[in-house]
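Note on naming: letters A, B, ... go to the chains in the order of the sequence lines (proteins, then strands), and numbering restarts at 1 for each one.
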Number of protein chains: 2
Amino acid sequence: MILHGYWRSGTSYRTRIALNLKGLVYETAPVDLRAGVQKSAAYLALNPQGLVPALETDDGLVLSQSPAILEWLEETHPTPALLPSSAGDRAVVRAMAALVGCDIHPLNNLRVLKAVRELGADQTGVDAWAGRWILDGFAALEALVARHGEGWCFGGAPTLADCYLIPQIYSARRFNVDLAAFPRLLEIEMRAGLHPAFNAAHPDNQPDAD
Amino acid sequence: MILHGYWRSGTSYRTRIALNLKGLVYETAPVDLRAGVQKSAAYLALNPQGLVPALETDDGLVLSQSPAILEWLEETHPTPALLPSSAGDRAVVRAMAALVGCDIHPLNNLRVLKAVRELGADQTGVDAWAGRWILDGFAALEALVARHGEGWCFGGAPTLADCYLIPQIYSARRFNVDLAAFPRLLEIEMRAGLHPAFNAAHPDNQPDAD
């Protein structure tokens, strides 16, 4: 498989974590978002939306949109499972994932922050913009983890929810967000820092990191 | 089941469509977002994140986050299916859904538009903000539908992708977005307008519509 992504992109990062947790070997094809490579003819031929990540599978499919890629990974490579077995529990994990994937991350990715700057915000304003959605979302996630987590977001092993959380914490630190109010999330961050699958997925460990 | 939602909320609307397509009977419990009822103690006791929708199931579960609710519906009420059978096709439908659910809708919901106003944008600026994400996303979706659709987003029957698309078109019209460049999406809108499940879910047909 070939993962087209960008070292600092949260959606690429979450996809790398899931691939690593599944123990899958893949090639990395860097797409330099800052240089606009995602809008090049070559990349658009692969993924017409011009966003990362895109996953080329061994069957020649090109999958886009990380939530869809992660569900595909779970369906085609079910072991180890990244979703619990009961429908109700799966809904909890997916709600945690969507909380990050829909309510936080879309508001602090590169193209949106550029648009916020175009509305007149300076760096302090941009940090404040990103921070408010992160604080709102993490408060809700901290409460869910308090209820369902036993070392990870849900239960005692990593799930899709952790694949979403860890890149969002990385992003929060870039925006100087104070995370002291979220001890359970920080505990998961610490645990992920000791986990080979999460470590190998870290932006600093990608070939295109600068 | 009881669906806690708001007539004009896109995430409530998409959940209603899925419930109706599955032929499920549910009660509607309106949550007036403009009056701030989502932050009331009573609602927060139900859904601590203070967002709509929330679905109370017959088993007493309270599910939040529409992407998680829709997957739960598909798992617990598999007929009629709102996802295709092969993993690759499912990934395409989920990518279409995520394209709306992650790349468009989070940028034009009520709380985010309020924040855009706080950055100094007037109504024209707000419409332009909402419009740019809709135009970007719809251009990508139109291309995917051209490839995979046969009357609906994917194939010849409604899927999860249509549950996401139709509320986003409704929202686009509110922001005065010119949709002429998306004939395939408009054809789906027309078809949905003739479909009882989509009609019953329309904001204007909700008890809390004003």
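- At a threshold of 4.5 Å between non-hydrogen side-chain atoms, the residues B:Phe138 and B:Val177 do not count as touching.
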#### Entry: Stepwise side-chain contact (heavy atoms from CB on, under 4.5 Å) test for A:Leu179 and A:Leu185
CA-CA 9 Å; A:Leu179 301 178; A:Leu185 305 189; over 6 Å; no
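- With chain A as the partner, the residue from B:Gly50, B:Ala115, B:Gly101, B:Ala139 showing the most heavy-atom pairs under 4.5 Å is B:Ala115.
- A heavy-atom distance below 4.5 Å is not found between the side chains of A:Cys163 and A:Pro158.
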### B:Leu55 and B:Val62: CA distance, side-chain angles, deciding distance, side-chain contact (heavy atoms from CB on, under 4.5 Å) verdict
CA-CA 6 Å; B:Leu55 183 69; B:Val62 180; over 6 Å; no
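- Within the 4.5 Å cutoff, no side-chain heavy atoms of A:Phe154 are placed close to those of A:Val145.
- In this structure the side chain of A:Leu141 reaches within 4.5 angstrom of the side chain of A:Leu165, judged on heavy atoms.
- In terms of non-hydrogen atom pairs under 4.5 Å with chain B, the most contact-rich of A:Val116, A:Leu144, A:Val112, A:Val92 is A:Val112.
- One distance of note links CD1 of B:Ile169 with CD1 of B:Ile134; it measures 10.0 Å at 0.5 Å rounding.
- Both the backbone and the side chain of A:Leu119 come within less than 4.5 Å of a heavy atom in chain B.
- Of the listed residues B:Gly120, B:Gly137, B:Ala68, the one with more heavy-atom pairs under 4.5 angstrom with chain A than any other is B:Ala68.
- For a residue to count as touching a neighbouring chain, one of its non-hydrogen atoms must lie under 4.5 Å from one of that chain's; by this rule A:Leu51 touches chain B with the side chain only.
- Highest contact tally toward chain B, considering only A:Pro48, A:Ala121, A:Ala98, is held by A:Ala98 [criterion: heavy-atom pairs under 4.5 Å].
- A:Leu99 touches chain B through backbone and side chain together, each having a heavy atom under 4.5 Å away.
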### Task
Would you please test B:Leu21 and B:Leu73 for side-chain contact (heavy atoms from CB on, under 4.5 Å) and show each step?
CA-CA 10 Å; B:Leu21 285 169; B:Leu73 283 171; over 6 Å; no
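- Proximity to chain B is absent for every atom of A:Val93, based on heavy atoms less than 4.5 angstrom apart.
- A:Cys102 places a side-chain heavy atom less than 4.5 Å from the side chain of B:Pro67.
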Heavy-atom donor-acceptor pairs under 3.5 Å, chain A with chain B:
residue	atom	partner	partner atom	Å
A:Gln49	NE2	B:Asp103	OD2	3.0
A:Gln65	NE2	B:Asp103	OD2	2.8
A:Glu75	OE1	B:Arg90	NE	3.0
A:Glu75	OE2	B:Arg90	NE	2.9
A:Glu75	OE2	B:Arg90	NH2	3.0
A:Glu75	OE2	B:Arg94	NH1	3.0
A:Glu75	OE2	B:Arg94	NH2	3.3
A:Arg90	NE	B:Glu75	OE1	3.0
A:Arg90	NE	B:Glu75	OE2	2.9
A:Arg90	NH2	B:Glu75	OE2	3.0
A:Arg94	NH1	B:Glu75	OE2	3.0
A:Arg94	NH2	B:Glu75	OE2	3.3
A:Asp103	O	B:Arg111	NH2	3.0
A:Asp103	OD2	B:Gln49	NE2	3.0
A:Asp103	OD2	B:Gln65	NE2	2.8
A:Arg111	NH2	B:Asp103	O	3.0
A:Glu118	OE1	B:Arg132	NH1	3.1
A:Arg132	NH1	B:Glu118	OE1	3.1

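- B:Ala91 and A:Leu63 make their closest contact through CB-CD2, 3.8 Å (heavy atoms, listed as atom of the first residue, atom of the second, distance).
- Of the listed residues A:Gly125, A:Ala140, A:Ala143, A:Ala95, the one with more heavy-atom pairs under 4.5 angstrom with chain B than any other is A:Ala95.
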